[in-house]
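Take a look at the structure below.
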Amino acid sequence: MRLFNRAKILWSYLRGADRVEGLPVEYIVETTAKCNIYCPMCPRETHKQPKEDMTSGIFEKLIKGAERTGEHMMLIGLGEPLLDRAIFERIEYCERHGIATLLSTNGTLLDEEASAKLLDSPLQHITLSFDGASKETFEHYRKGARFEKVRDNFVHFCKMKHARGSGLQIVVQMVRMAGNAHEVDAFRAFWSAVPGVDQVRVKEDETNLVTPEARAEAGGGRRCHYLWRGAMYVKHDGRVFPCCQSYMLDGAPVGDLRDEPLETIFNSDSMRELRRLHAAGRSAEIDMCARCCTVIPHPALVAGSLLLHGKWVRRAMPVVERLVYGRKLPKALLAPAREELVQIDRK
């Protein structure tokens, strides 16, 4: 069923069809809107969030609607996932319905108990967010978090994973901004040496909050693949947005899981209009798309990603990125190139 679903998405994407017979392969699911630190580059600082979790009813409706087609649920959003008391049950629930899960954490709550629970769970991928290589810089961007505590939590978690021989993929990520760009080399050097780390990623700020004057750089007029394949963004309250950046860029929801099934939302009038404009090369007419700084891959990469199950795409992308940034493949494949990644080979 998932292979057939990807084929239908691919055919719709290649034709630029405004209606897609399949359903997204990926979702970003905000299981909680709560967070325990302040980050100046985070959209929650301009979009105030309630201290609420997603209800089990909304979450289960989403999973049941996506269970035959969905391949990845990124259980992240504008909240810290480990503040969601049901996060481990949600990971298990996705696994029972054949859907892989991914998390991103600020590390403040990643103590011994939480680390063991994550490693015991079927979680497949986790991003450890660490925006600096020094105490001063890290605590400037992660206000309310202590540099030493988070660093030690992350290092201990990675070493636990390594000692267990766990297959969990760990990425340590830094968002590069003006105040931490000088620490990129030190960041890479430190985290590349930690056992259990699979990738070290330095990523450009895509929120436009630190540099609000930024606008989308030319992606060659490419249509945004997110509108056809996902990831759709599901807010904690059930509202559904077309892509990962749309809510943060003041886009309107395209549906609400409290009122409509997933199939209806994915081909709502709003979604179809967005696809029509992108297919016609008129994405700049959409305010949120004109201000979006997210990389749009070459259509060849999008097509390739839909030929494979999501788990293989996740494993292949670091190889593609490494070849692109190593100049063995054209940078146009990921234009504009906005991310640097170090793949760590653990023999």
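We use all heavy atoms of the structure for the numbers below, so side chains are in, but hydrogens, waters and symmetry mates are not. Residue numbers start at 1 and run along the sequence shown. Model, not experiment: these values are computed from the prediction.
By the neighbour-count criterion of 12 heavy atoms within 6.0 Å, atom CZ of Arg85 is sparsely surrounded, having that number or fewer from other residues, nucleotides or ligands. Around the OH atom of Tyr38, the shell of radius 6.0 Å holds more than 12 heavy atoms that belong to other residues, nucleotides or ligands. Open room surrounds CD on Glu113; 12 or fewer heavy atoms of other groups in view lie less than 6.0 Å from it. When the shell of 6.0 Å around NZ of Lys51 is examined, it contains 12 or fewer heavy atoms from other residues, nucleotides or ligands. Atom CZ of Arg68 has 12 or fewer neighbouring heavy atoms from other residues, nucleotides or ligands inside a 6.0 Å radius. The number of heavy-atom neighbours closer than 6.0 Å to CD of Glu263, taken from other residues, nucleotides and ligands shown, is above 12.
Evaluation of the side chain to side chain donor-acceptor pair (under 3.5 Å) test over residues 151-160, restricted to residues two or more places apart or in two chains, returns Glu112-His156.
Distance OG/Ser104 to CG/Leu75: 11.0 Å, rounded to 0.5 Å. Atoms CD and CZ, from Glu183 and Phe190 in turn, are 12.5 Å apart once rounded to the nearest 0.5 Å. Between the CG atom of Leu83 and the CG atom of Asp53 there is a distance of 8.0 Å, given to the nearest 0.5 Å. Here Ser283 contributes atom OG and Ile286 contributes atom CD1; the two are 6.0 Å apart, rounded to the nearest 0.5 Å.
The closest donor-acceptor contact from the side chain of Arg282 to the backbone of Leu277 lies at 3.5 Å or more, if one exists at all. In this structure, Asn5 contributes its side chain and Leu23 its backbone to a donor-acceptor pair below 3.5 Å. At distances below 3.5 Å, at least one donor-acceptor pair connects side-chain atoms of Thr46 with backbone N or O atoms of Pro43. Remark: the backbone N or O of Val175 is not paired with any side-chain donor or acceptor of Lys203 at under 3.5 angstrom. Without hydrogens or angle criteria, His97 side chain to Ile99 main chain gives no donor-acceptor distance under 3.5 Å. Panel note: side chain Glu30, backbone His236; a donor-acceptor pair is recorded below 3.5 Å. At distances below 3.5 Å, not a single donor-acceptor pair connects side-chain atoms of Arg142 with backbone N or O atoms of Ile37. Using a distance-only test at 3.5 Å, with no hydrogens or angles considered, no donor-acceptor pair links the side chain of Gln199 to the main chain of Val171. Between the side chain of Arg2 and the backbone N or O of Gly70 there is at least one donor-acceptor pair closer than 3.5 Å.
Linking ILVMFWY residues whenever their side-chain heavy atoms come closer than 4.5 Å, directly or via other members, places Phe154 and Val184 in the same cluster. One hydrophobic cluster, built from ILVMFWY side chains closer than 4.5 Å, cannot hold both Tyr226 and Leu307; they sit in different ones. Transitive grouping of hydrophobic side chains (ILVMFWY, heavy atoms separated by less than 4.5 Å) keeps Trp11 and Val20 in distinct clusters. Transitive grouping of hydrophobic side chains (ILVMFWY, heavy atoms separated by less than 4.5 Å) brings Leu14 and Val302 into a common cluster.
Looking at Arg276 and Asp269, no side-chain N of the basic residue comes within less than 4.0 Å of a carboxylate O on the acidic one, giving no salt bridge. A salt bridge links Glu26 with Arg229: the closest approach of a Lys/Arg side-chain nitrogen to an acidic carboxylate oxygen falls below 4.0 angstrom. Salt bridge annotation for Glu139-Arg146: absent, with no cationic side-chain nitrogen under 4.0 angstrom from a carboxylate oxygen.
Considering every non-hydrogen atom in both Thr101 and Cys94, the closest pair reads CG2-CB, 3.5 Å. Of all non-hydrogen atoms in Arg188 and Ser192, the two that sit nearest each other are O-OG, 2.7 Å. The two residues Ala290 and Ala284 have their closest heavy-atom pair at CB-O, 3.7 Å. Between Ile170 and Phe157, the shortest heavy-atom contact is CD1-CE2, 3.7 Å. Across all non-hydrogen atoms, the minimal contact from Phe241 to Ser246 is CB-OG, 3.2 Å. When all heavy atoms of Lys61 and Leu257 are compared, the closest pair comes out as NZ-O, 2.5 Å.
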Worked verdict on Cys244 versus Met232 for side-chain contact (heavy atoms from CB on, under 4.5 Å): CA-CA 6 Å; Cys244 57; Met232 293 192 91; over 6 Å; no
Going through the checks in order, is the side-chain hydrogen bond (donor to acceptor under 3.5 Å, both in side chains) test met by Thr108 and Asn36? CA-CA 8 Å; Thr108 56; Asn36 56 348; 2.8 Å; yes
Determine, step by step, whether Asp237 and Lys235 satisfy the salt bridge (Lys or Arg N to Asp or Glu O under 4.0 Å) criterion, reporting the C-alpha distance in whole Å, the side-chain angles of both residues, the deciding distance to 0.1 Å, and the verdict. CA-CA 5 Å; Asp237 56 10; Lys235 283 288 292 175; over 6 Å; no
Evaluate the criterion side-chain contact (heavy atoms from CB on, under 4.5 Å) for residue pair Leu227 and His278; output intermediate values, then yes/no. CA-CA 9 Å; Leu227 299 176; His278 272 258; 3.4 Å; yes
Dump the intermediate steps for side-chain contact (heavy atoms from CB on, under 4.5 Å) on Leu168 and Leu119, then the final yes or no. CA-CA 7 Å; Leu168 174 64; Leu119 291 170; 3.9 Å; yes
Given the rule in the salt bridge (Lys or Arg N to Asp or Glu O under 4.0 Å) test, do Arg275 and Asp18 qualify, once you have shown the distances and angles that lead to the verdict? CA-CA 5 Å; Arg275 294 185 189 118; Asp18 65 337; over 6 Å; no
I would like to know whether Arg164 and Asp120 meet salt bridge (Lys or Arg N to Asp or Glu O under 4.0 Å); could you show each step before the answer? CA-CA 10 Å; Arg164 290 182 176 213; Asp120 288 339; 2.7 Å; yes
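Considering only heavy atoms from C-beta on, Leu103 comes within 4.5 Å of Leu118 through its side chain. A heavy-atom distance below 4.5 Å is found between the side chains of Pro81 and Ile76. Looking only at side-chain heavy atoms (C-beta outward), Arg6 and Val25 come within less than 4.5 Å of each other. Using a 4.5 Å cut-off on side-chain heavy atoms (C-beta onward), Glu92 and Pro122 make contact. Contact of the Val240 side chain with the Pro253 side chain is not registered, since no non-hydrogen atoms from C-beta on lie closer than 4.5 Å.
When only modelled atom types and interatomic distance are considered, Thr137 and Asn180 share no side-chain donor-acceptor pair under 3.5 Å. A donor and an acceptor atom, one from each side chain of Ser129 and Asn106, are nowhere located under 3.5 Å apart. Using modelled atom types and a 3.5 Å distance limit, the side chains of Gln169 and Asp198 yield no donor-acceptor pair. Side-chain atoms of Glu80 and Thr105 form a donor-acceptor pair, as typed in the model, at a separation below 3.5 Å.
Ring geometry, Phe138 versus Phe147: the interplanar angle exceeds 60°, so the pair is classed perpendicular (tilted spans 30 to 60°). Phe130 and Phe187 have parallel rings, their planes meeting at less than 30° on a 0 to 90° scale where 60° marks the start of perpendicular.
Of the candidates Glu260, Arg239, Met271, Ile265 forms a side chain to side chain contact (heavy atoms under 4.5 Å, CB included) with just one, namely Glu260.
Applying the side chain to side chain donor-acceptor pair (under 3.5 Å) test to Tyr247 and every residue at least two apart in sequence or in another chain returns Gln49. Residues passing the side chain to side chain contact (heavy atoms under 4.5 Å, CB included) test with Glu21, sequence neighbours excluded: Lys8, Arg19.
For the pair Arg176 and Tyr141, the NZ or CZ position fails the cation-pi test of under 6.0 Å to the six-membered ring centre and within 45 degrees of the ring normal.
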